2 protein chains.
Amino acid sequence: MVELEQLDAFAKLSEESRTLLSQGGITRACAPATAVLNKGDAISGAYLVLQGQLRVYTLAPNGTEATLYFINPGETCVLALNCLFNDLRYPAWVQAEEATEVVVIPGPLYRTLFRFEPSIQELTVSALSVAVFRLMGELEQLHSQRHRQRLANFFLLHASSDGVLRMTQQRLGNHLGTTREVIARLIGEFSAEALITTGRGVIRLRNIEGLREVACQSAP
Amino acid sequence: MVELEQLDAFAKLSEESRTLLSQGGITRACAPATAVLNKGDAISGAYLVLQGQLRVYTLAPNGTEATLYFINPGETCVLALNCLFNDLRYPAWVQAEEATEVVVIPGPLYRTLFRFEPSIQELTVSALSVAVFRLMGELEQLHSQRHRQRLANFFLLHASSDGVLRMTQQRLGNHLGTTREVIARLIGEFSAEALITTGRGVIRLRNIEGLREVACQSAP
DNA sequence: GTGGATATGTAACAAAAGATACGTGTCGTC
DNA sequence: GACGACACGTATCTTTTGTTACATATCCAC
């Protein structure tokens, strides 16, 4: 588990700020699959993930979800930063993927730190930058790729190093913003092409190169 | 036309920084419809739009464009900021929509200003924040709305106050990330429903309320 | 006004994605 | 081992979007 004290940005802080942070930060544990934030929530502070993974997603009126991005240990939630700096309500939903521990740094404290600590400025700007890049990449993909490509991509990105991905088709659909049936169809194709094998709640990648080809092939 | 001196952030700078900026900023005029930046370009500084409008878009392998966002006077290009702070190549294309004037603030100068001037920190963070919000909105729309809704939305957002939008169907297609034919089809529908009337290179909104309904109706 | 460039209308078809409706398989638990 | 909850497979149908292929219309320059 990552401790607050181990984070890069923390190490560079002044003694005073470090004390402020240690005393002012509120640690919050989130069980897997529980809601952390909902659309419209007021944001009390900056969210810093220590352990686990948060998933930020949208929920369309018809009920289909779509993952916007993940927040990994050491990263902060940019949408929360946004809300802090611009006094807005939270514009999406957040869920804990695994058992997750987050530190909430109260807004006033964060603003103070931002004002005086270069390393916090750095952290803020770079978190926002990364988010812009990720979102833009998503947007570009969504415009130019079919589900087939995006699914192959998802497999390659999220499988563990031994080529195994533990995830149900329903959840895959939620990530890509489509339905289980569509995922099943595509998985059927991939299976037939011997790119993967499947089990209950698990995908095993069998032909990484082939999947890469699918993920990269340009539109017709 | 907006002068550098009239911008909010500029007014709050120290005398010294103001001099630096006036001397270090490079003004660049861009004719309408010309390329300002291409994917892969190295970025020499922060881009600040004084006049006109820049359009940031992606170009899929099959040639279809899709607008990511617009940069209006007084705004900066966040992707350029990204590239500056993270030393990356530019990840998209930029085009001048109208006759546009931009100030390029060289990277080293901008970094210095960012380090010492709260108003520049503010500007940077808020530019990034706004971008994150816009991109997220786009992403959400793209997941949950059909072309029909998105087009109605585009009409409402981009028509002048008297309900006129001067834009060809080809360009509408480029913005929404689809082809002219699809736009023509939808425009045909809207026309038949008396929501709009059309001319060569111009759309006239006839029933704003009706369009709003189309734009807001939730998925089936 | 003629010609070329540009913009639009539209029909017909193909492909992708979404919706509906079941049947089947697998797991844990009682 | 019987049950229910959950996960998966699949077939069919509809809607939406993308493609192809022309015909027509408008504008500008000469």
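Residue numbering restarts at 1 for every chain, and letters A, B, ... go by the order of the sequence lines. Values reported hereafter were calculated over all heavy atoms of this structure, with side chains retained and with hydrogens, waters and symmetry mates removed. The structure presented is a predicted model; accordingly, all values stated were derived computationally and were not measured.
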For this session: Assess whether one donor atom and one acceptor atom, taken from the side chain of Arg200(B) and the base of dT8(C), lie less than 3.5 Å apart.
Result: no
Exercise. So does Arg146(A) reach the base of dG18(D) with its side chain, donor to acceptor, closer than 3.5 Å?
Worked result: no
For this session: Answer yes if the ring centres of His158(A) and Phe70(A) are under 6.0 angstrom apart, and no otherwise.
Result: yes
For this session: Verify the ring-centre separation between Tyr57(A) and His143(B): is it less than 6.0 angstrom?
Result: no
Exercise. Within the structure shown, what part of the strands sits under 4.0 Å from Gly199(A) by heavy-atom distance: base, sugar-phosphate, or nothing?
Worked result: sugar-phosphate
Exercise. When all nucleic acid strands are considered with a 4.0 Å heavy-atom cut-off, which category describes Thr179(B): base, sugar-phosphate, or nothing?
Worked result: base
Seminar exercise, completed: Among the nucleotides dT10(C), dG18(D), dA21(C), whichever has the atom closest to the side chain of Glu181(A) is dA21(C)
Exercise. Which nucleotide sits closest to the side chain of Arg185(A): dT10(C), dA17(C), dT17(D)?
Worked result: dA17(C)
Whole-Å distance between [N] [atom2] and [X] [atom1]?
| X | N | atom1 | atom2 | answer |
| --- | --- | --- | --- | --- |
| Glu189(A) | dA16(C) | CD | C1' | 10 Å |
| Arg150(B) | dT16(D) | CZ | C1' | 13 Å |
| Gln145(A) | dA17(C) | CD | C1' | 16 Å |
| Ile183(A) | dG18(C) | CD1 | C1' | 12 Å |
| Leu165(B) | dT8(C) | CG | P | 11 Å |
| Leu186(A) | dA17(C) | CG | P | 7 Å |
| Gln149(A) | dA17(C) | CD | P | 9 Å |
| Arg166(B) | dT8(C) | CZ | P | 12 Å |

Problem set entry | Residue among Arg55(B), Gln53(B), Glu65(B) satisfying side chain to side chain donor-acceptor pair (under 3.5 Å) with Gln95(B) | Arg55(B)
For this session: Name the residue closer to the 5' end of DNA chain C, choosing between Arg180(A) and His143(B) according to the nucleotide with the nearest heavy atom.
Result: His143(B)
Hey, is the side chain of [X] poking within less than 4.0 Å of OP1 or OP2 on [N], counting only N and O atoms?
| X | N | value |
| --- | --- | --- |
| Gln169(B) | dT6(C) | no |
| Thr178(B) | dG18(D) | yes |
| Thr198(B) | dG9(C) | yes |

Exercise. Tell me, do Val78(B) and Tyr69(B) make a side-chain contact under 4.5 Å, heavy atoms counted?
Worked result: yes
Exercise. How long is the span from the CG atom in Asn86(B) to the CD1 atom in Ile43(B), to the nearest 0.5 Å?
Worked result: 12.5 Å
